[in-house]
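Below is one structure, written out as structure tokens, with a few remarks after it.
Owing to the predicted nature of the structure, the values given are computational and were not obtained by experimental measurement. Within every chain, numbering begins at 1; the chains are lettered A, B, ... in the order of the sequence lines, protein sequences first and strands thereafter. Heavy atoms only: backbone and side chains are in, while hydrogens, waters and symmetry mates are out.
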2 protein chains.
Amino acid sequence: MLKLSKKAEYAFMATIYLASHSGNEYPTAKEIADNYKIPFQLVAKILQNLAKNNIVISFQGVKGGYKLNKNPDEISLIDIIKAVETNYKLTECMLEGGDTSNCTLVDCCKIRDPLVEIQRKIDIMFQETSLKQIL
Amino acid sequence: MLKLSKKAEYAFMATIYLASHSGNEYPTAKEIADNYKIPFQLVAKILQNLAKNNIVISFQGVKGGYKLNKNPDEISLIDIIKAVETNYKLTECMLEGGDTSNCTLVDCCKIRDPLVEIQRKIDIMFQETSLKQIL
DNA sequence: TTAAATAAGACTTAAATGGTCGGACATAAC
DNA sequence: GTTATGTCCGACCATTTAAGTCTTATTTAA
Ligand code: SF4
Ligand code: SF4
């Protein structure tokens, strides 16, 4: 429990790589996968997620690849996490918008409020850490 | 990802219940399970874990049950979490003792150090929150 | 002796994660 | 225009982990 998914780890690695290789040529998914010895297909998919969320910009075709869409100090870790992770939440009842419909215990559950508070603190922590800080 | 396990949630519920029902009779696993409408066998096992870790004291036989071993303000959430959860860690490489042998990427991984720091902050947050605070 | 409780471990099922595959699309270079 | 090299995207499979169940043994008040 409380484990960060590989997706998130790989997303950190990929964005760190992009931040450190901003030359003329755009780094490719293959290049990143080789560099970190992680599965190519997976990194590719993660970069697509990051692109959808405007964290990176993708270039298709020959000489294609990726680059960061903002400066590393303008990208917070929570953006990266939320881009790749569908289940970023401490408990079932903490979907965005405070949807509590997916837990039958919600009526008699006393622990939700304190957990919401803890979730908020964790969020803030990731929010306040920028990509630049982990380069 | 970053999800708290049901085990941990149930452990919070159980300890909260014990903290709120400290009469002459010891609350039983069945009683707690019924009260929160959660699986009896599961709560029982969790209480056993808590007992092993000296967070609760168990009494066997008829009129048996459980009670807290300390005052609610002396029990921190991290104690409860660690009692029931074997995999409390942000990444594979963060087992107690800093064992990095289970990740082949550890040599070239740049994200470990910052993640260790984040893990530390999360730990502190749970450490600093006592059971009393979530009653 | 019996009933009501915990203790413990094996087992099954369900869900989430991690990883793969195949085909479509885009584009620079020849 | 053809080709090589890249992204895009959904469906799929495999593995692991979490969640829950079952069974038997043990303890103890009445
Ligand atoms: S049991 Fe409580 S904290 Fe857990 S998911 Fe349900 S409402 Fe949320
Ligand atoms: S990739 Fe890095 S952070 Fe993730 S488990 Fe391996 S060493 Fe730890």
Side-chain angles (χ1 to χ4, degrees), chain A residues 1-11 13-14 18 24-34 36-53 56-67 81 83-92 102-105, chain B residues 1-11 13-14 18 24-34 36-53 56-67 81 83-92 102-105:
Chain A
M1 50 145 311
L2 264 179
K3 195 157 83 187
L4 210 60
S5 69
K6 289 284 179 192
K7 268 193 197 174
E9 281 194 45
Y10 295 164
M13 293 177 183
L18 293 180
N24 276 349
E25 304 231 316
Y26 301 127
T28 69
K30 184 84 173 51
E31 184 181 337
I32 294 170
D34 287 349
Y36 290 103
K37 299 194 182 68
I38 53 185
F40 160 68
Q41 303 270 15
L42 208 40
V43 179
K45 195 177 296 184
I46 285 162
L47 283 162
Q48 286 163 30
N49 287 335
L50 293 171
K52 268 188 196 164
N53 289 273
V56 304
I57 299 178
S58 69
F59 300 93
Q60 283 182 274
V62 180
K63 296 273 175 189
Y66 300 88
K67 73 163 194 175
I81 289 173
V84 298
E85 192 53 56
T86 50
N87 283 329
Y88 173 68
K89 57 186 176 188
L90 220 48
T91 63
E92 282 306 311
N102 44 357
C103 180
T104 55
L105 308 177
Chain B
M1 50 146 309
L2 265 179
K3 196 155 83 187
L4 210 60
S5 70
K6 291 283 179 193
K7 269 194 199 175
E9 280 194 45
Y10 296 163
M13 293 177 184
L18 292 180
N24 277 349
E25 306 230 315
Y26 301 126
T28 68
K30 183 84 174 49
E31 184 180 338
I32 294 170
D34 287 349
Y36 290 104
K37 300 193 182 68
I38 53 185
F40 160 69
Q41 303 271 14
L42 209 40
V43 180
K45 194 175 298 184
I46 286 162
L47 283 162
Q48 285 164 31
N49 287 336
L50 293 170
K52 270 187 195 165
N53 287 273
V56 305
I57 298 178
S58 69
F59 301 93
Q60 283 181 276
V62 181
K63 294 276 175 188
Y66 299 89
K67 74 163 193 175
I81 290 174
V84 298
E85 192 54 55
T86 49
N87 283 329
Y88 173 68
K89 58 186 175 186
L90 219 49
T91 62
E92 282 305 310
N102 44 358
C103 181
T104 53
L105 309 177

> OP1, OP2 of C/dA7 versus side-chain N and O of B/Tyr66: anything below 4.0 Å?
Replying inline: yes
> Roughly how many Å is it from CZ in A/Phe59 to C1' in D/dC8, rounded to a whole number?
Replying inline: 15 Å
> Could you state the interatomic distance from CD1 (B/Ile46) to CD1 (B/Ile38), rounded to the nearest 0.5 Å?
Replying inline: 7.0 Å
> Are A/Ser58 and D/dG6 close enough that a side-chain N or O sits under 4.0 Å from OP1 or OP2?
Replying inline: no
> For B/Ile57 and C/dA7, what is the distance between atoms CD1 and C1' respectively, to the nearest whole Å?
Replying inline: 17 Å
>> Can you list everything that forms a salt bridge (Lys or Arg N to Asp or Glu O under 4.0 Å) with A/Lys37? Sequence neighbours excluded, please.
In response: none
> Residues in ring pair (Phe, Tyr, Trp, His ring centres under 6.0 Å) with B/Tyr36, at least two apart?
Replying inline: none
> Touch check for B/Ala44, heavy atoms < 4.0 angstrom, all strands: base, sugar-phosphate only, or nothing?
Replying inline: nothing
> Does any donor atom in the side chain of B/Glu9 or A/Thr91 lie under 3.5 Å from an acceptor atom in the other side chain?
Replying inline: no
>> What is the distance, to the nearest angstrom, from the NZ atom on B/Lys67 to the C1' atom on C/dA5?
In response: 18 Å
>> Mind checking if A/Ala51 touches a base, just sugar-phosphate, or nothing, with heavy atoms under 4.0 Å?
In response: nothing
> Who pairs with B/Tyr10 by ring pair (Phe, Tyr, Trp, His ring centres under 6.0 Å), at least two apart in sequence or on another chain?
Replying inline: none
> For A/Lys3, what residues pass the salt bridge (Lys or Arg N to Asp or Glu O under 4.0 Å) criterion, not counting sequence neighbours?
Replying inline: B/Glu92
> Taking protein heavy atoms under 4.0 Å as touching, what does nucleotides 12-21 of chain D look like 5' to 3' if B marks base contact, S marks sugar-phosphate-only contact and - marks none?
Replying inline: ------SSBB
Short N/O separations, protein against nucleotides 26-30 of chain C, under 3.5 angstrom:
{"residue": "C/dT27", "atom": "O2", "partner": "A/Val62", "partner atom": "N", "Å": "3.4"}

